[in-house]
> 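This is the structure I want to talk about, given as structure tokens.
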Amino acid sequence: MSERTLRLYDTMTRQVKPLELVEPGHLRFYSCGPTVYSYAHIGNFRTFLTADLIIRTAQALGTRVTYVSNITDVGHLTQDDVADAGGEDKMARALQSKEGEQFNNVWELAEYYEDAFLEDWARLNLKEPQVRPRATQHMREQIVAAEQLIAQGNAYETPTGVYFNVESFPSYGKLSGNTQENLKKASREVVLDDNKRDQSDFALWKKDDKHLMQWYSPFGWGFPGWHLECSVMARMYLGETLDLHAGGEDLIFPHHECEIAQSEALTGKPFSNHWIHTRFLQVNGEKMSKSLGNYYTVRFLLEKGADPLAIRYALISGVYTKPLNFTDQSLSDAMGNIDRYRRSDAAVAAGLEAARPGDDAIGTLLEELYDQALDAMCNDLNTSVALAKALEGTRVILREAETLSLASAESGKVYLDRINDLLGIVRPERVLADLQTESAPKVDEARIGALIQERIDAKKAKNFALADQIRKDLEAEGIELRDTPEGTVWVLKSTL
RNA sequence: GGUGCCGUGCCCAAGUGGCCCAAGGGGACGGUCUGCAAAACCGUUAUUCGGCGGUUCGAAUCCGCCCGGCACCUCCA
């Protein structure tokens with residue numbers, strides 16, 4: 001194998017360092033998944049794409065990967081400490097919203113959005129995790145963990161729930177660079193709960209017998225705290241010390257900080273040897289929000305006519321360690337690049353078919369470019385450079401597209417396969433039903449065909465005025481004509 | 001108030017001490033092809049890296065100050 005190692009920025013130590021594996025040759029990786037109370041937006045997917053690229057890079061290096069990514073299907077509180085005062089949570093709120101009216105209860109709502117999420121996941125060519133645990137299916141383990149933490153003196157029960165006592169875990173804050181002292185004076189608008197020993201203490205279990213999702217526990221009816229599920233499920237499927245734990249930058253504090261406290265208090269061992277966090281995606285230079293009208297979901301973009309691979313390409317075009325600005329322009333740029341891969345793929349297929357004699361004129365170059373792309377990925381997932389190198393390969397192929405020898409075409413195939421394994425941008429891995437039915441322009445293919453024939457006849461008669469007029473009229477309808485050596489073809493111009 | 005991050009060409013975006021008079025994409029411009037176009041392919045497009053100082057033989061890269069922008073601080077990928 002190669003001597004390359006995957007180097008990633010580690011939030012804990014604030015430096016780029018090699019990913020060291022507890023068990024050599026085997027990466028055990030946990031990536032925090034979404035809460036399924038609504039459609040996931042492209043910012044969520046940027047984070048999941050970081051995880052996806054890590055496993056692809058690790059696999060390219062010959063590493064076996066056990067990848068776990070959860071689904072949070074329990075609604076957690078929109079505000080801490082208001083369980084008694086009405087207990088509204090994200091799921092309950094979603095159920096009461098306009099979109100939520102179609103569901104009979106929160107369980108159906110969660111199931112619906114989970115299905116939608118998995119579909120978007122597949123469309124963006126994300127690899128399936130080995131395990132995709134759900135919070136609701138690990139209730140017993142979570143309750144046991146809370147009991148153990150109480151028994152060990154790291155947690156205590158109050159009339160409102162079970163809380164983790166941060167003072168019992170002195171290094172609380174180490175991931176986010178906070179100290180407990182700073183956190184205390186920094187607290188903004190925390191609702192005070194007199195039952196808590198320390199206002200920074202966080203819930204392991206919330207008592208609430210009116211909650212829409214509730215389970216029975218030794219503490220009575222209620223539901224688990226948000227942070228507990230990840231600690232419990234990560235340990236269950238990956239062991240006490242993970243190699244790598246990932247999520248969005250907003251999870252650094254409090255979510256991952258709390259996971260560390262719970263897990264390490266419980267096991268006495270480091271929870272994860274490496275932490276990575278993806279910076280936020282902005283849309284048109286602003287934070288995504290529903291009120292600004294820039295809350296882009298995958299299906300919204302697909303309905304506008306975007307290619308799912310182009311969405312993927314646009315989302316990975318910047319490095320995960322910096323905020324990325326997603327714009328309509330960046331998406332259409334990406335569509336052009338995806339098209340180059342598609343044409344390369346077609347050219348290679350045609351070259352294999354034609355089986356022309358000749359040397360392999362491109363194999364060595366393509367191999368170098370692949371190596372450079374892989375090097376870039378190993379260097380803290382430098383997707384910008386990796387994509388640049390990968391794209392250079394399409395230029396090499398397309399330059400000789402018409403005349404590729406069989407040997408060259410074979411090299412091209414190997415190259416595109418490897419690039420696709422590494423970056424997932426050449427071909428969709430799963431074929432899914434077309435989503436863009438509703439808003440796609442309706443076209444009358446027979447009519448276009450007739451017009452094209454009319455134009456061909458006009459051209460033969462040297463009546464170029466009429467030929468140009470037909471082309472112009474169709475263009476006004478969003479249909480573009482291209483005269484190719486194989487004849488005239490038409491394409492639908494993108495609405496983006 | 002606390003904790004982090006960022007500012008590179010017209011736009012997006014790599015590069016974090018010499019291989020950088022700064023990758024790649026878009027755009028623009030020129031060429032090939034074409035009846036003309038479109039598409040495709042080829043080429044050109046930053047002596048310069050928010051500003052000012054400093055360290056160094058050498059800085060976009062390190063340090064200081066200033067200006068501008070962003071995120072988190074118990075809902076958030």
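Quick note on labels: first sequence line is chain A, next is B, and so on, each numbered from 1. Quantities reported herein were computed from a predicted structural model and do not represent experimental measurements.
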> Which comes earlier along RNA chain B counting from the 5' end, the contact point of Gly248(A) or that of Arg14(A), where each point is its nearest nucleotide?
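The 5'-side residue here is Arg14(A).
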> Within 45 degrees of the axis of the six-membered ring of Trp121(A) and under 6.0 Å from its centre: does Arg132(A) put its NZ or CZ there?
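Judged by the rule, Arg132(A) and Trp121(A) form a cation-pi pair.
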> Distance between the P atoms of A22(B) and G50(B), in whole angstroms?
16 Å
> Do the side chains of Arg471(A) and Glu475(A) get close enough for a salt bridge, i.e. N-O under 4.0 angstrom?
no
> Give me the distance, rounded to whole Å, that separates A39(B) from A77(B) when you measure between the C1' atoms they each carry.
39 Å
> Suppose you measure atom P in U32(B) against the same atom in A38(B); what distance do you get, rounded to whole Å?
13 Å
> Can you tell me how far P in G25(B) sits from the matching atom in A13(B), rounded to whole Å?
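Looking at atom P only, G25(B) and A13(B) are 16 Å apart.
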> Determine the interatomic distance between P on C63(B) and the same-named atom on U55(B); round to the nearest Å.
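Here C63(B) and U55(B) have their P atoms 15 Å from each other.
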> Quick check on ring-ring contact (aromatic ring centres under 6.0 Å, His included): which of Trp205(A), Tyr156(A), Phe202(A), Tyr172(A) does Phe164(A) satisfy it with?
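Of Trp205(A), Tyr156(A), Phe202(A), Tyr172(A), ring-ring contact (aromatic ring centres under 6.0 Å, His included) with Phe164(A) is met by Phe202(A) alone.
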> Looking at A59(B), which nucleotide sits across from it as a Watson-Crick or G-U wobble partner, both distances under 3.5 angstrom, or is there none?
none
> Base of A77(B), side chain of Arg46(A) - is there a donor-acceptor contact under 3.5 Å?
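Side chain to base: no pair below 3.5 Å.
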> With C1' as the reference atom in both, quote the distance from C19(B) to C73(B) in angstrom, rounded to an integer.
44 Å
> Between C42(B) and Arg395(A), counting only base atoms on the nucleotide and side-chain atoms on the residue, is there a donor-acceptor pair under 3.5 Å?
no
> Separation of Ile397(A) atom CD1 from C42(B) atom C1', in whole Å?
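Checked: the CD1 to C1' distance equals 18 Å.
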> Is there a side-chain polar atom (N or O) of Arg482(A) under 4.0 Å from OP1 or OP2 of A37(B)?
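Arg482(A) to A37(B) OP1/OP2: no side-chain N or O under 4.0 Å.
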> Is there a side chain to side chain donor-acceptor pair (under 3.5 Å) between Ser405(A) and Ser408(A) once you walk through the steps?
CA-CA 5 Å; Ser405(A) 68; Ser408(A) 292; 3.1 Å; yes
> Looking at G35(B) and Phe464(A): do their rings stack (centroid distance under 5.5 Å, interplanar angle under 30°)?
yes
> Can you tell me the distance, in whole Å, between the NZ atom of Lys322(A) and the C1' atom of C49(B)?
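Spelled out: NZ on Lys322(A) to C1' on C49(B) is 12 Å.
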> Quote, to the nearest angstrom, the C1' distance that separates A46(B) from C5(B).
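Pairwise C1' distance, A46(B) against C5(B), rounds to 26 Å.
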> Base of C36(B), side chain of Asp483(A) - is there a donor-acceptor contact under 3.5 Å?
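Present.
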> With both distances under 3.5 angstrom, what nucleotide forms a Watson-Crick or G-U wobble pair with G27(B)?
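The base-pairing partner of G27(B), which may sit in any strand shown, is U45(B).
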> Test Asp201(A) against every option in Val162(A), Asn165(A), Thr158(A) by the side chain to side chain contact (heavy atoms under 4.5 Å, CB included) rule and name the one that passes.
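Per the side chain to side chain contact (heavy atoms under 4.5 Å, CB included) rule, the option paired with Asp201(A) is Asn165(A), out of Val162(A), Asn165(A), Thr158(A).
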> For the C1' atoms, the ones on C49(B) and on U61(B), what distance do you get once it is rounded to whole angstrom?
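About 10 Å, rounded to a whole number of Å.
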